[in-house]
Amino acid sequence: MKYYKVAERVAFGVMLVVVLALALLPLPRLKDFGIDIGFHYDKLNHITAFAVLMFLGSLGWPERKMRLIIFLALVGAGIEVLQGLPLIARDVDLLDWVADCVGVACGLAAAIWGERTA
């Protein structure tokens with residue numbers, strides 16, 4: 001395995017942890033930590049996060065794009081389910097999951113475009 005593949009996979013893992021932390025920490029906790037990043041339009045945050053995840057995942061595992069699509073769609077759905085728990089107390093919104101899937105599609109398109117131009 002080439003070193004850049006390791007770096008791409010590590011970047012994907014770090015980004016996944018960051019996305020999960022931002023999505024699953026209760027909002028008052030995020031504010032306690034001084035975390036207020038992202039766009040003011042919530043759906044754009046979802047699209048961006050999942051586009052980056054899909055792009056990085058496609059770089060790290062170029063032969064497993066379909067598995068990445070399924071995995072990230074399930075991660076997005078899982079986040080929405082977990083946000084509904086009283087412990088997390090965040091808004092559950094089906095459109096957030098739709099935005100996650102749109103982000104996956106955007107990230108996949110960027111990865112495919114990158115492969116064709118390389």
Worksheet item: Can you list the residues that meet the salt bridge (charged side-chain N to carboxylate O under 4.0 Å, His left out) rule with Lys43, with sequence neighbours excluded?
Response: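 Partners of Lys43 by the salt bridge (charged side-chain N to carboxylate O under 4.0 Å, His left out) criterion, ordered by chain and then number, come out as Asp93, Asp96.
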
Worksheet item: Does anything in residues 87-106 pair up under ring-ring contact (aromatic ring centres under 6.0 Å, His included), and if so which pairs, sequence neighbours excluded?
Response: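 Pairs touching residues 87-106 that pass the test: none.
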
To check you understand the geometry: which heavy-atom pair defines the closest contact between [X] and [Y], and what is its length?
| X | Y | answer |
| --- | --- | --- |
| Ile88 | Leu24 | CG2-O, 3.4 Å |
| Met15 | Ala49 | CE-O, 3.9 Å |
| Met54 | Lys65 | CE-O, 3.8 Å |
| Leu44 | Thr48 | O-OG1, 2.8 Å |

Worksheet item: Do Val98 and Val92 sit in the same hydrophobic cluster, where Ile, Leu, Val, Met, Phe, Trp and Tyr count as joined when their side-chain heavy atoms come under 4.5 Å apart?
Response: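 Not linked; separate clusters.
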
Discussion item. Would a single hydrophobic cluster contain both Leu68 and Val102, if residues Ile, Leu, Val, Met, Phe, Trp and Tyr are joined by side-chain heavy-atom contacts under 4.5 Å?
Written reply: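 No, Val102 and Leu68 fall in different hydrophobic clusters.
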
Worksheet item: Would a distance-only check, ignoring hydrogens and angles, find a side-chain to backbone donor-acceptor pair under 3.5 Å from Gln83 to Ala23?
Response: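 It does hold such a pair.
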
Fill in: Side chain Arg90, main chain Leu25, donor-acceptor under 3.5 Å
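At least one qualifying donor-acceptor pair exists.
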
Of all residues at least two apart in sequence or in a different chain, which pass the side chain to side chain contact (heavy atoms under 4.5 Å, CB included) check with [X]?
| X | result |
| --- | --- |
| Phe50 | Val19, Leu53, Leu72, Val75, Ile79, Asp100, Val104 |
| Ile70 | Met66, Leu74 |
| Ala111 | Phe55, Ser58 |

Practice prompt. Evaluate side-chain contact (heavy atoms from CB on, under 4.5 Å) for Phe71 paired with Leu16, printing each intermediate quantity in order.
Written response: CA-CA 11 Å; Phe71 172 72; Leu16 182 60; 4.0 Å; yes

Worksheet item: Nearest 0.5 Å, what's the CG-CG distance between Leu20 and Leu82?
Response: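 So the gap between those two atoms works out to 9.0 Å.
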
Discussion item. Under the rule for ring pair (Phe, Tyr, Trp, His ring centres under 6.0 Å), what residues qualify as partners of Phe12, not counting sequence neighbours?
Written reply: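 Partners of Phe12 by the ring pair (Phe, Tyr, Trp, His ring centres under 6.0 Å) criterion, ordered by chain and then number, come out as Trp61.
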
